[in-house]
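For reference, the structure is listed below as structure tokens.
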Amino acid sequence: MTFRDRTTNVDALRSWRGDVEADYIYTTGVAGERFFTELRDTGRILAAHCEACERTYLPPRMYCEKCLGPLSDWRPVRGPATVEAVTIASVDAHGNRPPEPEVWAVLRWRGIHGGLVHRLAVPPKQAKPGLKVHPVLRPAGSRVGNITDILYFAP
Amino acid sequence: MRVGIVGVGVVPFRTVTPEYSWKEIMYEAAQRAYADAGVDPRADVGSFVTCAEDYWEGFGIFDEFTPDQLGAVLRPACTVTGDGIHGLAQAMMQIQAGLADVVVVEAHSKVSDLLTYAGVVHHAFDPIWNKPLGGHPYYVAGLEMDAYLRASRVGEKACAAVVAKNRQNALTNPRAAHGSKVTPEDVLASPPISAPLKDLDVAPLADTSIVLVLAAESRARKLAANPVWIRGVGWSSDSPWLETRSWTTAAYAAMAGKMAYAQAKIRNPAKEVEVAEIDDKFSYKEPQHLEALGLSKKGSTANAISRGDFDIGAKLPVNPSGGSIGCGNVIEASGLHRVAEVVLQLRGEAGQNQVDHPRTGLAASWRGIPTATGAVAVLGVGR
Ligand SMILES: [Zn+2]
């Protein structure tokens with residue numbers, strides 16, 4: 001070791017506890033505003049289409065990541081979502097093990113580039129790729145215009 | 001112009017480092033590297049590059065806090081907010097551009113000071129589309145493992161064998177913090193985190209600091225009997241959106257590898273690379289990265305693992321150091337750790353973990369959940 005003296009007495013070790021005050025608002029932006037307003041008011045899931053690349057993005061954004069052109073063609077997704085990957089989370093945000101594990105999924109729609117990552121309301125044993133599911137929303141009137149307006153996906 | 005690595009300083013990994021501050025750990029790594037290279041930082045080093053991210057550190061504008069402990073006060077210094085190999089590339093380019101003859105790169109982890117690791121990882125999630133949904137951030141690793149295993153025909157057993165190999169390799173690496181006798185059965189029986197991801201599939205955290213000294217070719221030859229040359233570097237990022245990125249392949253690693261291989265004139269990596277230290281922050285990442293980097297053929301990786309093709313003593317030893325699973329996950333220092341271990345291998349200084357006379361080695365990093373960013377360095381000795 002480059003330090004000549006190393007502490008061997010643990011009582012002599014010092015540290016102090018601190019935290020970081022860091023609160024923000026997160027601006028949803030043009031594309032997010034469009035998506036969340038539509039979700040709140042009509043319950044529809046909007047994607048953004050790039051004519052040049054024939055790609056329809058979900059989550060929608062105001063530019064195409066392939067050609068970098070601006071996007072303004074908004075289209076609702078059609079039909080059920082298909083589960084592409086699943087995981088059964090046994091640990092919650094704080095590292096505790098809740099009695100019921102949570103099921104998460106990567107969700108894809110036909111003809112859509114992207115999809116959503118969200119919770120799945122099916123028993124862990126039945127959570128399998130290929131499953132067709134639909135979003136379950138908060139009741140109209142109680143939606144707030146963010147991603148938690150989708151409660152989960154279910155068959 | 002070739003750039004050589006002429007000094008390596010690695011502070012042995014530890015699970016906690018209660019007696020030293022993060023600055024003192026950096027000082028220690030620097031002292032080791034300067035002694036190894038035989039340079040005086042106050043006189044011989046032209047520029048300093050550190051790699052860090054404020055939220056890991058717990059305070060802001062990290063780059064302001066780096067000069068004193070490295071010997072960089074009133075000298076050119078900057079911080080790369082990325083993995084250690086991003087910093088290595090930056091340092092190499094500064095030398096090639098003629099800005100400096102000798103450049104120092106540093107990356108570290110004092111993650112044991114961070115009381116809310118999962119919270120900081122979660123803070124890296126998209127604040128509009130993903131973070132409001134909550135959950136432990138490792139659900140993303142669970143989803144990726146599920147997608148990759150299904151697409152690749154690599155099973156949970158093969159991943160468990162990777163854990164057993166890397167923990168075993170770490171037992172004889174004096175720099176490793178998490179060496180242990182673990183059987184694949186132990187891994188399979190360990191508690192689920194986010195199935196199919198289990199407790200022992202996850203690389204445990206560790207503290208360290210790593211400093212490398214780089215020099216231009218003519219200077220490197222004077223400083224070191226056998227400099228390790230950086231033959232190629234590459235880095236790449238996939239779409240940051242969880243929703244639009246590739247879940248089955250490590251596309252970022254494939255692109256970063258392609259860039260580094262082109263510079264190193266490597267056409268057949270599986271034949272030409274003789275030792276590899278590649279990201280294994282989760283067990284499934286090792287086979288996924290092996291395939292993306294062209295070191296293992298898709299579809300045959302599970303068999304190769306069970307045959308022991310990536311063990312020390314086999315044709316392509318992978319993570320002979322123990323990797324992140326055996327040494328410890330040292331967050332943004334992980335890439336520089338892999339480079340340091342490859343340098344020691346190419347010098348023939350890897351002790352009991354020494355691979356038989358490698359001349360070409362590869363280090364590949366990934367920035368961890370929820371990123372889709374990786375960097376690659378191809379290193380070599382001799383002509
Ligand atoms: Zn486009």
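Within every chain, numbering begins at 1; the chains are lettered A, B, ... in the order of the sequence lines, protein sequences first and strands thereafter. Just the heavy atoms: all of them, side chains too, but no hydrogens, waters or symmetry mates, feed the values below.
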| note | So, the part of B/W129 with a heavy atom under 4.5 Å from chain A: the answer is both
| field | Heavy-atom side-chain contact between A/W109 and A/L58 under 4.5 Å | value | yes
| query | Considering only heavy atoms, which portion of A/L107 lies under 4.5 Å from any heavy atom of chain B: side chain, backbone, both, or neither? | reply | neither
| Region of A/D92 in contact with chain B, defined by heavy-atom distances below 4.5 Å | backbone
| task | Report, as yes or no, whether the 6.0 Å neighbourhood of atom CZ on A/R78 holds more than 12 heavy atoms from other residues, nucleotides or ligands. | result | no
| So what's closer than 4.5 Å to chain A heavy atoms on B/Y148: side chain, backbone, both or neither? | neither
| field | Parallel, tilted or perpendicular: ring planes of B/Y252 versus B/H289, cut at 30 and 60 degrees | value | perpendicular
| message | At a 4.5 Å cut-off on heavy atoms, which part of A/V117 comes close to chain B: side chain, backbone, both, or neither? | response | both
| request: Considering only heavy atoms and a distance below 4.5 Å, find which of B/I128, B/D126, B/D113 pairs most often with chain A. | output: B/I128
| field | Option that, when pairs with chain A are counted at under 4.5 Å, heavy atom only, ranks first among B/A35, B/G135, B/S21 | value | B/G135
| Closest-packed option against chain B by number of heavy-atom pairs under 4.5 Å, given A/G95, A/G18, A/A89 | A/A89
| said: Looking at chain A, which one of B/P196, B/G58, B/S239 has the largest number of heavy-atom pairs inside 4.5 Å, strictly under? | reply: B/S239
| task | Select one option (side chain, backbone, both, neither) describing which atoms of B/L115 are under 4.5 Å from chain A's heavy atoms. | result | side chain
| Are B/Y27 and B/W22 close enough that their ring centres sit under 6.0 Å apart? | no
| query | Roughly how far, to the nearest 0.5 Å, is the NZ atom of B/K110 from the NZ atom of B/K23? | reply | 13.5 Å
| said: Between A/T27, A/V20, A/T28, who has the most heavy-atom pairs with chain B when the cutoff is under 4.5 Å? | reply: A/T28
| task | May I ask you to test the B/E106-B/L70 pair for a side-chain heavy-atom distance under 4.5 Å? | result | yes
| task | For salt bridge (Lys or Arg N to Asp or Glu O under 4.0 Å), just list the numbers for B/R150 and A/E84, CA-CA rounded to whole Å, side-chain angles, deciding distance to a tenth of an Å, and then say yes or no. | result | CA-CA 10 Å; B/R150 287 175 200 280; A/E84 183 182 85; over 6 Å; no
| field | Any B/C159 side-chain heavy atom under 4.5 Å of B/L149 side chain | value | yes
| field | Any B/E156 side-chain heavy atom under 4.5 Å of B/K198 side chain | value | yes
| task | Answer with side chain, backbone, both or neither: which region of B/A147 has an atom nearer than 4.5 Å to a non-hydrogen atom of chain A? | result | both
| Salt-bridged, B/E28 to B/R32, with N to O below 4.0 Å? | yes
| Can you say whether B/P137 sits under 4.5 Å from chain A via the side chain, the backbone, both, or neither, judging by heavy atoms? | neither
| note | Looking only at A/I112, A/V86, A/D19, A/V106, most heavy-atom pairs under 4.5 Å shared with chain B are made by A/V86
| said: Report which part of A/S15 has an atom under 4.5 Å of a heavy atom belonging to chain B: side chain, backbone, both, or neither. | reply: neither
